[in-house]
Amino acid sequence: QVHLVESGGGLVQAGGSLRLSCAASGRTFSGKNMGWFRQAPGKERDFVAAIHWSASNTYYADSVKGRFTISGDSAKNTVYLQMNSLKPEDTAVYYCAATQRLTGYSSSEYKNRDTYAYWGQGTQVTVSS
């Protein structure tokens, strides 16, 4: 069983920053791909960012490019999302996701929720105007 636990969410003013963390645990977890999605009330869960640890390849949604940075510590099975210049429209529940696959995916596959087999419980991010 693989468990993903997010932390770091909270309330921040527009223009501020937050850093989310997601730790993957479980004896069988050896995947190299992790991602972040977000879901605002009444909306679908949308792709935010993804990373392939070995290749250090990163992928971003256009809406966060230049403001958010995804990084990872493969030794700790932990992925981070540094969020700067936050906007009220960034308000959502942020979910961490992972796969067991060792090789990478295409850009479109990273952005597809169905690519990911494991999900965290989510952490709330609220950006006030």
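Just the heavy atoms: all of them, side chains too, but no hydrogens, waters or symmetry mates, feed the values below.
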For the atom pair OG (Ser129) and CD (Gln13), what is the distance rounded to the nearest 0.5 Å?
9.5 Å
Euclidean distance, Asp90 CG relative to Ser63 OG, rounded to 0.5 Å:
7.0 Å
For residues [X] and [Y], report the shortest heavy-atom separation together with the two atoms involved.
X	Y	result
Val93	Gly122	CG1-CA, 3.8 Å
Leu20	Thr123	CD2-CG2, 4.0 Å
Thr99	Thr115	CG2-O, 3.3 Å
Gln82	Ser17	NE2-CB, 3.9 Å
Gln121	Val5	OE1-CA, 3.9 Å
Leu102	His52	O-NE2, 2.8 Å

Checking Thr103 against Arg101 for the side-chain hydrogen bond (donor to acceptor under 3.5 Å, both in side chains) test, could you report, in this order, the C-alpha distance in whole Å, the side-chain angles of both residues, the deciding distance, and whether it holds?
CA-CA 6 Å; Thr103 56; Arg101 182 161 141 174; 3.1 Å; yes
Under a 3.5 Å cutoff, is there a donor and acceptor pairing between the side chains of Tyr110 and Asn33?
yes
Side chains of Thr126 and Gln124, donor plus acceptor under 3.5 Å:
yes
Would you mind reporting whether [Y] and [X] have side-chain heavy atoms less than 4.5 Å apart?
X	Y	result
Arg38	Val64	yes
Glu44	Arg113	yes
Tyr116	Asp114	no
Tyr118	His3	no
Cys96	Trp36	yes
Leu4	Met34	yes

Could you tell me whether Lys111 and Asp46 have a side-chain N and a carboxylate O separated by less than 4.0 Å?
no
Do the charged groups of Lys65 and Asp62 touch, with an N to O distance under 4.0 Å?
yes
Specify whether Tyr94 and Phe68 have parallel, tilted or perpendicular ring planes, treating 30° as the upper limit for parallel and 60° as the lower limit for perpendicular.
tilted
Side-chain (Ser108) to main-chain (Ser106) donor-acceptor, under 3.5 angstrom:
no
Given Met83, which of Val12, Val48, Thr69, Val125 fulfils the side chain to side chain contact (heavy atoms under 4.5 Å, CB included) condition?
Val125
Are Tyr95 and Phe37 close enough that their ring centers fall under 6.0 Å?
no
